[in-house]
Amino acid sequence: MLKNQVPPCRAIRNVVLWPERRRLCRFLFVLSLCSFLAATSVFAGHPTADETVLLSLDFTTTGPDARQWLKRHGFILKKDMENERLIRLTGTKNKGLLISVEQAAFGLAVRRDLDFHDVGTVEVQWGVARYPKGAEWQRGVHREPLMITLFFGPKVAADHFYLPDSPFFIGLFLGKDGSRASPFLGKSYRQTGRYYCFDDAGENLLTTSSIDIDVAYKKWFAADVVPPLTGIGIEVDTSGLADGSALAWLKKIVLYKRIQGGKKNVHR
């Protein structure tokens, strides 16, 4: 409630009889709650039976050599993602790709050979068993055990000369703070990057997160058209933390085609 807003019950107490006032208050409360939930979940969605799968990456099939599996599927390993001593990648049949960060590290696995137009819902099945101590996006400590980054269109100039050029992107990650109506801005790529936090189902539990890219991209970048999705990144960043150890897993990433002229996806 806004600071200067009059509570609905107080505003009508001298006009409506008690039973009617009580029913009206309940109605107003439910209406306010629905409005709040709609605001915080406007970008979330889930696939329907009518949506076509554009790409499905099933990480339960990675097998014993997860790095080779990633390379076979078009991913390029960068930074500490190549260092088994810092980031251990293990393929499992139940949880998919286990990502164990042994100490402060920053690693990427990026696939940049995609060209998917009209992307609708993006769904990620994943989880976190242990968050890195000290990571807290709300306070400006932008670190996470796992982030899925979606790239759109060609590379554009970075906002700092010392940074590599990058396409527009949306980074998705899990957190204890829960989903918000608006994304985070990073310290760099402020014009071309947005970061969205999904509420996890609980530590060591599988979470299925989905987002309507068509709605989110247009809103967050004030765009009329969404460029083709040209890349996917898997990122680990616990760099600079005193105890950078963490544990997460990635089970599946699915891209669905947007339904032309259809209804927007609804919140799960």
Side-chain angles (χ1 to χ4, degrees), residues 55 57-114 122 124-137 140-151 163-164 166-167 169-176 184 186-189 193 195-198 200-207 209 231-253:
L55 176 68
L57 295 171
D58 185 356
F59 295 90
T60 63
T61 64
T62 51
D65 195 336
R67 281 179 168 81
Q68 286 302 316
W69 185 95
L70 288 171
K71 291 177 181 178
R72 287 198 305 271
H73 285 76
F75 286 91
I76 299 173
L77 308 185
K78 298 185 176 183
K79 305 291 185 179
D80 296 330
M81 196 64 84
E82 295 186 291
N83 191 332
E84 179 70 20
R85 184 177 60 85
L86 296 178
I87 302 176
R88 293 175 54 194
L89 301 180
T90 307
T92 69
K93 291 183 178 180
N94 294 327
K95 291 188 173 182
L97 180 64
L98 293 183
I99 304 172
S100 178
V101 189
E102 303 303 313
Q103 53 184 291
F106 172 68
L108 294 164
V110 184
R111 181 172 174 180
R112 289 278 182 83
D113 62 342
L114 306 178
V122 174
V124 184
Q125 297 178 22
W126 51 354
V128 176
R130 186 174 69 255
Y131 285 94
K133 294 179 181 179
E136 192 170 352
W137 275 73
V141 185
H142 297 172
R143 299 293 182 267
E144 65 289 323
L146 174 60
M147 177 179 287
I148 303 302
T149 306
L150 308 171
F151 297 97
L163 293 173
S166 171
F169 65 87
I170 295 176
L172 309 174
F173 64 100
L174 291 173
K176 299 178 182 179
F184 289 97
K187 297 177 182 178
S188 302
Y189 300 105
Y195 303 90
Y196 190 73
C197 177
F198 288 101
D200 68 8
E203 291 190 16
N204 215 30
L205 295 177
L206 177 68
T207 300
S209 307
I232 293 178
I234 302 170
E235 176 185 314
V236 172
D237 189 2
T238 65
S239 60
L241 299 177
D243 180 4
S245 63
L247 180 61
W249 72 89
L250 177 59
K251 188 173 184 179
K252 202 169 188 178
I253 300 175

(request) Taking S239 for its side chain and A105 for its backbone only, find out whether a donor-acceptor pair lies under 3.5 Å. (result) no
(request) Count the heavy atoms belonging to other residues, nucleotides or ligands that lie under 6.0 Å from CZ of R88, then report whether that count exceeds 12. (result) no
(message) Donor-acceptor check, side chain of T60 to backbone of G96, threshold 3.5 angstrom: yes or no?
(response) no
(request) Look at the aromatic rings of F184 and F173 and report parallel, tilted or perpendicular, splitting at 30° and 60°. (result) tilted
(message) Checking D113 against R111 for the salt bridge (charged side-chain N to carboxylate O under 4.0 Å, His left out) test, could you report, in this order, the C-alpha distance in whole Å, the side-chain angles of both residues, the deciding distance, and whether it holds?
(response) CA-CA 6 Å; D113 62 342; R111 181 172 174 180; 2.8 Å; yes
(request) Would you confirm whether the ring centroid of F59 sits within less than 6.0 angstrom of the ring centroid of W69? (result) yes
(message) Quick one: does any side-chain atom of D80 pair with a main-chain N or O of N83 as donor and acceptor, under 3.5 Å?
(response) no
(message) I'd like to check D58 versus I253 (side-chain heavy atoms, cut-off strictly below 4.5 Å). Are they in contact?
(response) no
(request) For the residue pair F198 and W126, categorise the inter-ring angle as parallel (less than 30°), tilted (30 to 60°) or perpendicular (more than 60°). (result) perpendicular
(request) Determine whether the side chains of T92 and N94 contain a donor N or O and an acceptor N or O closer than 3.5 Å. (result) no
(request) Mark yes when over 12 heavy atoms from residues, nucleotides or ligands other than I76 sit less than 6.0 Å from its CD1; otherwise mark no. (result) no
(request) Test L150 against I232 for side-chain contact (heavy atoms from CB on, under 4.5 Å), laying out the working first. (result) CA-CA 5 Å; L150 308 171; I232 293 178; 4.2 Å; yes
(message) Is the shortest side-chain heavy-atom distance between L70 and L89 below 4.5 Å?
(response) yes
